[in-house]
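Heads up: numbering here begins at 1 and tracks the sequence. Since this is a predicted model, take the numbers as computed values, not measurements. Side-chain atoms are counted along with the backbone in the values below, which use heavy atoms only and exclude waters and symmetry mates.
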Amino acid sequence: MRTLLLIVLLQACLFSIAQDRCASADYAEAMKASSPLEAHRVAEAEKFLQKGSGASTTNARTIAPNLVVKIPVVVHVIYKNAAENISDAQVKSQIEALNRDFRKKNSDTLNTPERFRSLAADIQIEFYLATTDPNGRATSGIVRKQTSITNFYNNDKIKSSAQGGDEAWDSKSYLNIWVGKLISGAGYSSTPGSDPSKDGVVINSSAFGTINVSGYYNMGRTATHEIGHWLGLKHIWGDAQCGDDGVSDTPPQSWYTQQCPSGFRSSCNNGDLGDMYMNYMDYTADACMNLFTAGQRARMRATFSEGGPRESLLQSKGAKEPWATESALPEGTAKHSIYPNPAKDELNVSLGAEWVGKTISVINMNGTIVQSVQVKSVAQKLNISTLKAGMYFIKGEGLSEKFIKL
């Protein structure tokens, strides 16, 4: 009995450690179990990828082999305090890391073992912060929302303003990345075919970008790994002992690899090739990951083929020039305004340029400050979804406006 208990505890411990890297497999299974429609859509997407990523692609019209796919990204920064409100520079460092890894421009390709170097591939996919929002207005591609939530789980609440997060932008045109404080795990991702309103990647703020991060996940490769899932890749061990990841040139592997191993490892009768633990789809530390394979490239790029689950991104409106402009205020009107009023989840505060960098506060009828925000833009958005219904005031130096929370 004692031996059995020790085995159970050891398995639980290993599972907990593994969850520090990625919760995507469990998330995907939970989503499929919760919705027959979700399960069907994901299964259909998987069938498409199996047909479209092999040596023969007669069942799918593939994209041009040398086409560089450019994906507009919107980063939703969900923060409770100033420390969690990561900087624009940190966001941009993550975009740079993604382009480094997906374009095989990482200097640590030198660490790829000789036996795998001929398999390592430039995926020819690049990522850019969106320049146009879903309404055609100019954007930085970064959305910031303050929340009252201390920790998020892999249950998608971070994707809902009513639950302290922020809704996805149209997933047919954008890769949505949510960054926030997760209770456990470095990140998780939806898979091709998932519910469009929840489609995207969630990354723990402690593992996002290459600035102000430390530990095993300090090179931006949690996002590289999760976006691999978003583009149809499975974990290299196929989420089962000696499982199948759907890619022919990744050797079978018994299980995930942790921390930063070195030397030759072999499992599942993979012979002279051995384990490819330095693949981005294993669980190794960022410093020990350094390649995607040609087979993984084919599978990811197949998502953009005609009829594929990511095809619409090739015509994304997020990469187009803005076609809408904010209406200017008539002469003689106040330099600041709030709308809509009354409001339920989000309030827009229109301010002059002199307000950028200053702080505004939301104050209840008792005079208590319930939210303070440093102004980042002349069109500042406030998340008021967690406030109780009633009257509130927005105040700052020379500013006093009231609004009704529904």
Side-chain angles (χ1 to χ4, degrees), residues 72-82 84-88 90-91 129-149 152 157-171 173-174 176-181 197 200 205 318 322 324-329 334-364 369-389 391-396 399-406:
V73 178
V74 54
V75 177
H76 307 258
V77 179
I78 312 299
Y79 66 97
K80 184 176 183 181
N81 53 53
E84 297 170 6
N85 188 15
I86 63 175
S87 67
D88 287 2
Q90 188 169 343
V91 172
L129 288 170
T131 54
T132 304
D133 75 8
N135 296 314
R137 298 170 300 195
T139 179
S140 66
I142 303 172
V143 177
R144 299 179 182 277
K145 283 204 170 182
Q146 191 165 28
T147 182
S148 62
I149 306 300
F152 288 96
K157 287 186 177 181
I158 198 170
K159 303 175 184 178
S160 166
S161 60
Q163 299 181 85
D166 190 36
E167 271 74 25
W169 287 12
D170 180 6
S171 59
S173 287
Y174 304 89
N176 288 271
I177 301 179
W178 289 268
V179 183
K181 188 177 180 183
S197 68
S205 53
T325 57
E326 299 288 351
S327 298
L329 290 173
K335 290 185 178 180
H336 45 74
S337 61
I338 59 175
Y339 61 94
N341 191 10
K344 183 179 180 182
D345 295 321
E346 186 175 81
L347 192 68
N348 297 281
V349 184
S350 178
L351 299 162
E354 69 275 10
W355 277 93
V356 176
K358 295 182 179 180
T359 298
I360 58 175
S361 299
V362 178
I363 301 173
N364 64 20
I369 296 176
V370 295
Q371 187 179 134
S372 289
V373 176
Q374 185 181 43
V375 177
K376 303 290 185 181
S377 167
V378 294
Q380 181 70 41
K381 295 181 182 293
L382 298 181
N383 176 15
I384 60 171
S385 61
T386 58
L387 298 183
K388 295 180 180 179
M391 181 180 290
Y392 292 85
F393 298 89
I394 295 179
K395 292 195 175 183
L399 170 67
S400 180
E401 297 284 346
K402 66 181 179 181
F403 70 92
I404 303 295
K405 165 66 167 70
L406 297 175

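Legend: salt bridge (charged side-chain N to carboxylate O under 4.0 Å, His left out) pairs involving residues 370-380, not counting sequence neighbours: none detected.
Nearest heavy-atom pair across Ser161 and Asn383 is O-OD1, 4.1 Å. Listed here is the closest heavy atom pair of Pro340 and Asn348: CD-ND2, 4.0 Å. Tyr174 and Pro134 make their closest contact through OH-N, 3.2 Å (heavy atoms, listed as atom of the first residue, atom of the second, distance). For the pair Trp178 and Gly200, the tightest heavy-atom approach, listed with the atom from each and the gap, is CZ3-CA, 3.9 Å.
Residues passing the side-chain hydrogen bond (donor to acceptor under 3.5 Å, both in side chains) test with Asp170, sequence neighbours excluded: none. Residues meeting the side-chain hydrogen bond (donor to acceptor under 3.5 Å, both in side chains) test with Lys344, sequence neighbours left out: none. In this view, Lys402 satisfies the side-chain hydrogen bond (donor to acceptor under 3.5 Å, both in side chains) rule with no residue, not counting sequence neighbours. Scored by the salt bridge (charged side-chain N to carboxylate O under 4.0 Å, His left out) test, Glu346 finds Lys145, Lys381 as partners (sequence neighbours excluded). In this structure, Ser173 has no side-chain hydrogen bond (donor to acceptor under 3.5 Å, both in side chains) partners at least two apart in sequence or on a different chain. Evaluation of the side-chain contact (heavy atoms from CB on, under 4.5 Å) rule for Asp133 yields Asn135, Arg137, Thr139, Trp169 as partners, not counting sequence neighbours. Scanning for side-chain contact (heavy atoms from CB on, under 4.5 Å) contacts around Asn341 gives Ile338, Phe403, Ile404, with sequence neighbours left out. Residues passing the side-chain contact (heavy atoms from CB on, under 4.5 Å) test with Ser372, sequence neighbours excluded: Thr359, Ser361, Ile369. Residues satisfying the side-chain contact (heavy atoms from CB on, under 4.5 Å) criterion with Ile142, sequence neighbours excluded, are Val77, Asp88, Val91, Leu129, Ser140, Arg144.
Side chains of Ile384 and Tyr392 form no contact here, defined as non-hydrogen atoms less than 4.5 Å apart. In this structure, the side chains of Leu347 and Ile394 come closer than 4.5 Å at one or more pairs of heavy atoms. You'll find the side chain of Tyr79 stays beyond 4.5 Å of the side chain of Ser205, heavy atoms only.
Within 6.0 Å of the NZ atom in Lys405, the count of heavy atoms belonging to other residues, nucleotides or ligands exceeds 12.
Atom CG of Asn364 is separated from atom CE of Met391 by 12.0 Å, given to the nearest 0.5 angstrom. The CD atom of Gln371 sits 7.0 Å away from atom OG1 of Thr386, with the distance rounded to the nearest 0.5 Å. Rounded to the nearest 0.5 angstrom, Ile360 CD1 and Lys395 NZ are separated by 13.5 Å. Between the NZ atom of Lys181 and the CD1 atom of Ile158 there is a distance of 12.5 Å, given to the nearest 0.5 Å.
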> Between Glu167 and Ser160, is a side-chain contact (heavy atoms from CB on, under 4.5 Å) present by the stated rule, with each step listed?
Replying inline: CA-CA 5 Å; Glu167 271 74 25; Ser160 166; 4.0 Å; yes
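Looking at Glu84, its side chain never comes within 3.5 Å of a backbone N or O of Gly180 through a donor-acceptor pair. Panel note: side chain Asp345, backbone Ser385; no donor-acceptor pair is recorded below 3.5 Å.
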